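Below: the structure, in structure tokens.
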Amino acid sequence: MTTPFHDEPGAAPGLAPPPGCPAHGLGPGGLRRLYGPEAEKDPAGLYDKLRAEHGTVAPALLQGDIPVWLVLGHSENLHMTRTPSQFSRDSRRWRALQDGSVAPDHPLAPIFTWQPMCVFADGATHERQRGAVTDSIARIDSRGVRRHINRFSNRLVNQICEQGHADLVGQFAEHLPMMVMCQIIGMPDEYDDRLVRAARDLTRGTETAVASNAYVLEALNRLVERRRTEPAEDFATWLVEHPAGLTDQEVSEHLRLVLIAAYESTADLIANVLRMVLTDPRFRARLSGGHMTVPEAVEQILWDEPPFTAVLGRWAVGDTELGGRRIKEGDALIVGIAPANTDPVVRPDLAADMEGNRAHLAFSGGPHECPGQDIGRAIADGGVDALLMRLPDARLAVEESELRWTGSVMSRHLVELPVEFAPRPPQDDHEPPSMGTPAPRVRPERPPSASARHVPLPSSVPGRDPAPAAAPSVPGTDRSQRAGARPSTVTTDAPRSAPAAEPSPDAPAAPAAGPPVKAAVPGQRVPGSQAKLWQAVARWWSGD
């Protein structure tokens, strides 16, 4: 079905469904709505219906029954995002804005209202503003970001680890990205629950979205004003001081763009990866068995459950065609990220693994492709890895069918992810996340053997099983010298030692340690072999 909504804006009486018809959920002109119960409950099903009815480019309705084009095809989305001469990012071209069909207080106004920032610009203006953003992002210390991720991940897990149960959306996924981004931008003191709620509300098309947007901007305006007089080593200062000469308003708007885009997408990405780990045994087995890394798991989710399902928008510069549809000048188009990722042309088998394939549109494409996607990936990779390290036995506390979602035209959010796990003590949040020291495993004694053995020496890798008993102390080598030693293995004829068991609090005190006891040397060893062995260990232990 094709609806010529340029010529017949609003309701078309001849196309209205009769009372009692199952199509009564449709909007004016028989068009499907990208909001409401159907869109929120089953967006993938809605995309399938639109694809079957219209092909790769489908007419649809936004809140207020505003007509738009939803681009469903992968190649069509790539063409649209890579051809700004035909499809502009300047929302002032939107005919619905020009004729007053879209009110200034529309729920999606914070998303499409023109603002002086690169996502609403093309050409030289876009290059100037985007250059300031990408240059400033390039100055971010990736090692420092990793430390923030580990510290804040540990801090969030410490708040729940002793309880044995948690909501991984509300108590982890929604907070970690905001904590890290506030640190990067230079406003750690502004982080609180209200800022998190405002950031979540801003893009959802709710009645309070405009107020939430104003709250976030007020915090950023204060930051810009402060950084004009008190520069620091943070993202806000780099934008303020960039040679592009951004105005205060431009700096505030771009800080909001980076903060909200990175926060929103990463919070949903973390929640979606954790949900998949907890609900798909094969996915979890591949991840825990080493057949898939956390970054590979994140890329798979970017195909299957992208954080942004769609992005508004592009506006037609002139009359043109896309996917066989006649697009009029001033028409609004939506980048269909989720439907493009499931386009049968590029993914005939949705169950197939997409490891190593980054052709998804999770971060859009063309000159407006998300510049901070690597930050989002790093937060998601580190956060998921840290949580699974700290809570390896986490399991879903409800049936998968009981999980609830809420959605908007731009994204689909998991409301809660309740889990259960064995309670455990907190960890120092300045140390890398680890599983802690598991209970020792006592191995049966083995008789000495003449054959060579590879004996693992103490490892500093967090989360690994405790190493066998440490090598005896070596004269002239203190602990500070040994701290930088690298884990390795040595070949020795000495039998493998069992790890020492934890002493019981009721057990009598052990006798004072005497001089080191020489290990038994099998009879077939040549004289001096034991001394050579300990010399090798000493060299390894001291880092030589």
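The figures that follow rest on heavy atoms only: side chains count, while hydrogens, waters and symmetry mates do not. Note that the structure is predicted; figures quoted are calculated from it, not measured.
Taking the six-membered ring where the residue is Trp, Trp238 and Phe235 present perpendicular rings, their angle passing 60° and hence far from 30°.
Atom CD of Gln249 and atom CG of Leu220 lie 12.5 Å apart (nearest 0.5 Å). To the nearest 0.5 angstrom, Asp343 atom CG is 8.5 Å from Leu72 atom CG. Here Ile185 contributes atom CD1 and Ser136 contributes atom OG; the two are 11.0 Å apart, rounded to the nearest 0.5 Å. Annotation: the span from Ile301 atom CD1 to Leu269 atom CG amounts to 8.0 Å, rounded to 0.5 Å. Distance OG/Ser364 to CG/Asn77: 8.0 Å, rounded to 0.5 Å. Between the NE2 atom of His175 and the CZ atom of Arg155 there is a distance of 13.5 Å, given to the nearest 0.5 Å.
Residues Gly336 and Leu70 approach most closely at CA-CD1, 4.0 Å, considering heavy atoms. When every heavy atom of Glu264 is checked against every heavy atom of Ala199, the shortest pair comes out as OE1-O, 3.9 Å. When all heavy atoms of Ala198 and Val216 are compared, the pair lying nearest together is CB-CG2, 3.9 Å. A pairwise comparison of heavy atoms in Cys161 and Phe421 identifies O-CE1, 3.6 Å as the closest pair.
Taking a cutoff of 4.0 Å between a charged side-chain nitrogen and a carboxylate oxygen, Asp385 and Arg390 do not qualify as a salt bridge. Look at Glu329 and Arg93 and you find no salt bridge, because none of the NZ, NE, NH1 or NH2 atoms lies under 4.0 Å from a carboxylate O. Look at Arg151 and Asp429 and you find no salt bridge, because none of the NZ, NE, NH1 or NH2 atoms lies under 4.0 Å from a carboxylate O. Look at Glu416 and Arg404 and you find a salt bridge, because one of the NZ, NE, NH1 or NH2 atoms lies within 4.0 Å of a carboxylate O, short of that distance. At a threshold of 4.0 Å, the pair Asp268-Arg200 counts as salt-bridged, since one of the basic side-chain nitrogens sits closer than that to a carboxylate oxygen. Electrostatic pairing of Glu53 and Arg32 counts as a salt bridge here, judged by a charged N lying under 4.0 Å from a carboxylate O. Contact check on Lys49 versus Glu38 returns a salt bridge, with a Lys/Arg side-chain nitrogen under 4.0 Å from an Asp/Glu carboxylate oxygen.
Under the salt bridge (Lys or Arg N to Asp or Glu O under 4.0 Å) rule, Asp331 has a single partner from Arg326, Arg95, Arg325, which is Arg95. When each of Ile270, Leu387, Leu414, Leu156 is checked for a side chain to side chain contact (heavy atoms under 4.5 Å, CB included) with Leu168, only Leu387 meets the rule.
Checked by atom type and distance alone, the side chain of Asn221 never pairs as donor or acceptor with a backbone atom of Ser252 at under 3.5 Å. At distances below 3.5 Å, not a single donor-acceptor pair connects side-chain atoms of Thr113 with backbone N or O atoms of Pro110. In this structure, His254 contributes its side chain and Met117 its backbone to no donor-acceptor pair below 3.5 Å. Within the 3.5 Å criterion, the main-chain N or O of Arg227 finds no donor-acceptor partner in the side chain of Thr237. Of the possible polar contacts, none joining the Tyr35 side chain to the Glu40 backbone as a donor-acceptor pair under 3.5 Å is found. In this structure a side-chain-to-backbone donor-acceptor pair under 3.5 Å is present from Thr266 to Ala262. For Trp303 (side chain) and Asp353 (main-chain N/O), no donor-acceptor pair under 3.5 Å exists by modelled atom type. A donor-acceptor pair under 3.5 Å is absent between the side-chain atoms of Gln427 and the main chain of Pro433, judged by distance alone.
Side-chain atoms of Val335 and Leu312, non-hydrogen and from C-beta on, never get closer than 4.5 Å to each other. Using a 4.5 Å cut-off on side-chain heavy atoms (C-beta onward), Leu62 and Val102 make no contact. Between Leu217 and Glu253, the closest side-chain pair of non-hydrogen atoms falls below 4.5 Å. The shortest distance between side-chain heavy atoms of Met410 and Ile111 falls below 4.5 Å. With a 4.5 Å cut-off on side-chain heavy atoms, Arg347 and Asp304 count as touching. Proximity of Asp65 to Leu31: side-chain heavy atoms (C-beta onward) are nowhere separated by under 4.5 Å. The closest side-chain heavy-atom distance from Val169 to Leu274 is not below 4.5 Å. At least one side-chain heavy atom of Pro339 sits less than 4.5 Å from a side-chain heavy atom of Arg51.
For Arg92, the salt bridge (Lys or Arg N to Asp or Glu O under 4.0 Å) partners two or more places apart in sequence, or in a different chain, are Asp90. With sequence neighbours left out, the ring-ring contact (aromatic ring centres under 6.0 Å, His included) criterion links His368 to His126. Judged as a ring-ring contact (aromatic ring centres under 6.0 Å, His included), and not counting sequence neighbours, His74 has no contacts. In this view, Asp280 and Met276, Arg282, Phe283 satisfy the side chain to side chain contact (heavy atoms under 4.5 Å, CB included) rule, not counting sequence neighbours. Checked against side chain to side chain contact (heavy atoms under 4.5 Å, CB included), Val398 has the following partners two or more places apart in sequence or in another chain: Leu396, Glu402, Leu403, Pro418. When the ring-ring contact (aromatic ring centres under 6.0 Å, His included) test is applied to Phe112, the partners found at least two apart in sequence or on another chain are Trp94, His106.
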side-chain contact (heavy atoms from CB on, under 4.5 Å) between Thr56 and Val71, worked out: CA-CA 6 Å; Thr56 57; Val71 183; over 6 Å; no
Test side-chain contact (heavy atoms from CB on, under 4.5 Å) on Ile160 and His165 and set out the steps. CA-CA 7 Å; Ile160 61 177; His165 59 85; over 6 Å; no
Residue pair Asn150, Ser153: steps toward the side chain to side chain donor-acceptor pair (under 3.5 Å) verdict: CA-CA 5 Å; Asn150 285 337; Ser153 295; 5.6 Å; no
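The salt bridge (charged side-chain N to carboxylate O under 4.0 Å, His left out) analysis of residues 292-303, with sequence neighbours excluded, yields the pairs Glu299-Arg358, Glu299-Arg377. For residues 110-133, the pairs satisfying salt bridge (charged side-chain N to carboxylate O under 4.0 Å, His left out) are Arg128-Glu250, with sequence neighbours left out. Evaluation of the side-chain hydrogen bond (donor to acceptor under 3.5 Å, both in side chains) test over residues 391-401, restricted to residues two or more places apart or in two chains, returns Asp393-Arg424. Residue pairs meeting the side-chain hydrogen bond (donor to acceptor under 3.5 Å, both in side chains) criterion with at least one member in residues 308-322, sequence neighbours excluded: Gln86-Thr320. Here salt bridge (charged side-chain N to carboxylate O under 4.0 Å, His left out) pairs that include residues 108-119, with residues two or more places apart or in two chains, number zero. Applying the salt bridge (charged side-chain N to carboxylate O under 4.0 Å, His left out) test to residues at least two apart or on different chains, the pairs with a partner in residues 180-193 are Glu190-Arg222.
Judged purely by distance below 3.5 Å, without hydrogens or angles, the side chains of Ser411 and His413 pair a donor atom with an acceptor atom.
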